[in-house]
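Residue numbers begin at 1 in each chain, while the letters A, B, ... track the order of the sequences.
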Number of protein chains: 2
Amino acid sequence: MLIRPARADDRSAIWSVIGPTIAAGETNAIDRNATEAEGLAYWLGGDNEVFVAEEGGTILGTYYLRPNQGGGGRHVCNGGYMTSMEARGRGVARAMCEHSLNLARAKGYRAIQFNFVVSTNERAVKLWQSLGFDIVGRLPGAFAHPACGYVDALVMFRTL
Amino acid sequence: MLIRPARADDRSAIWSVIGPTIAAGETNAIDRNATEAEGLAYWLGGDNEVFVAEEGGTILGTYYLRPNQGGGGRHVCNGGYMTSMEARGRGVARAMCEHSLNLARAKGYRAIQFNFVVSTNERAVKLWQSLGFDIVGRLPGAFAHPACGYVDALVMFRTL
């Protein structure tokens, strides 16, 4: 698996990864009805530095890294990760997160923060914990899950 | 004191409130060197609904309210509040926060979250606690304070 910076011609492959997860609405605070243009604007916009995980010419996952805050909060970064439905369970998210931790260190960040990990996404919570993230906050009922109703979201943090 | 929606002709008065606080760099994760245009873009931009606290024609403070997340996180709002240096200690922030809690309820939000309260800003922490906010998260060393070095930032939350 190769993890490399996203190129302009990866846009439709990136949407094929993130679109179904956004539409499911179970793990991310993005409008479930986001169009391709809106979803890609969210993923590729702002200060996001975007990467893809590729195997045999197929994009299996994508992640972004960005500063989590400005000014005096700029030494902490934020990352977002999505794996295609078809590539689940193959360590793609783990590989992307490890890649992002190395990138973040290389860029001089002192820590990485996830602002909104949906508590029912237990697989993700465990993965991030196994990669050294701590749960440093719990937001009560902050996520409206399409099946479970209002569930907590977690703030997770890792010093680099 | 009248708290009312900001108008286009309040821009320079709003900058006179937020500019010195931004430049001090002690309480907010905004670039200390932000220009007036950048500072106003931050304060007035995006989905922010902006209000001012006015007394005898003078703007004493300003606040914004916005959704804190999109999609399944859209029922929790976020607020930011600044009082002019000259009007400190007169209850302006308290009045603006109470106004924002009422506005948030009226708009149907279920909760309000502050993502980044600098822990050394004890006056603000106590004020928010007195208004019913709980500390639900602590971000270790997430803020580079110009005098104190790396200090924690707090996540505060209040159900509406």
[atom1]-[atom2] distance between [X] and [Y], expressed to the nearest 0.5 angstrom:
| X | Y | atom1 | atom2 | answer |
| --- | --- | --- | --- | --- |
| Arg158(B) | Asp134(B) | CZ | CG | 9.5 Å |
| Leu65(A) | Met96(A) | CG | CE | 12.5 Å |
| Asn78(A) | Arg66(A) | CG | CZ | 4.5 Å |
| Phe114(B) | Leu154(B) | CZ | CG | 12.0 Å |

Check whether [X] gets within reach of chain B through its side chain, its backbone, both or neither, counting any heavy atom under 4.5 Å.
| X | value |
| --- | --- |
| Ala142(A) | both |
| Val155(A) | side chain |
| Arg74(A) | neither |

Among Pro146(B), Pro140(B), Gly73(B), Ala34(B), who wins on heavy-atom pairs under 4.5 Å with chain A?
Pro140(B)
Who among Ala111(B), Gly72(B), Gly137(B) has the most heavy-atom pairs with chain A under 4.5 Å?
Gly72(B)
Find the one option among [options] whose heavy-atom pairs under 4.5 Å with chain B are most numerous.
| options | answer |
| --- | --- |
| Val76(A), Val136(A), Thr159(A) | Val136(A) |
| Asp31(A), Ile30(A), Ile135(A) | Ile30(A) |
| His145(A), His75(A), Arg32(A) | His75(A) |

Applying a criterion of heavy atom separation less than 4.5 Å, what residues of residues 10-29 of chain B form contacts with chain A?
Ala29(B)
Just checking Tyr81(A) against Trp128(A), ring centres under 6.0 Å apart?
yes
Honestly, the part of Phe143(B) sitting under 4.5 Å from a heavy atom of chain A is both
Check whether Tyr150(B) gets within reach of chain A through its side chain, its backbone, both or neither, counting any heavy atom under 4.5 Å.
side chain
List the steps and the verdict of side-chain hydrogen bond (donor to acceptor under 3.5 Å, both in side chains) for Ser130(A) and Arg94(A).
CA-CA 9 Å; Ser130(A) 79; Arg94(A) 174 179 292 276; 2.8 Å; yes
Side chain of Asp152(A), backbone of Gly141(A): donor and acceptor closer than 3.5 Å?
yes
Do any N or O atoms from the side chain of Thr62(A) and from the backbone of Phe51(A) form a donor-acceptor pair under 3.5 angstrom?
yes
Going hydrophobic residue to hydrophobic residue with side-chain gaps under 4.5 angstrom, can you get from Leu103(A) over to Trp43(A)?
no
Intermediate values then yes/no, side-chain hydrogen bond (donor to acceptor under 3.5 Å, both in side chains), Asn68(B) and Asn115(B):
CA-CA 9 Å; Asn68(B) 197 45; Asn115(B) 299 303; 2.7 Å; yes
What's the verdict on salt bridge (Lys or Arg N to Asp or Glu O under 4.0 Å) for Arg4(B) and Glu54(B), showing C-alpha distance, side-chain angles and the deciding distance?
CA-CA 8 Å; Arg4(B) 60 158 177 83; Glu54(B) 182 180 16; 2.8 Å; yes
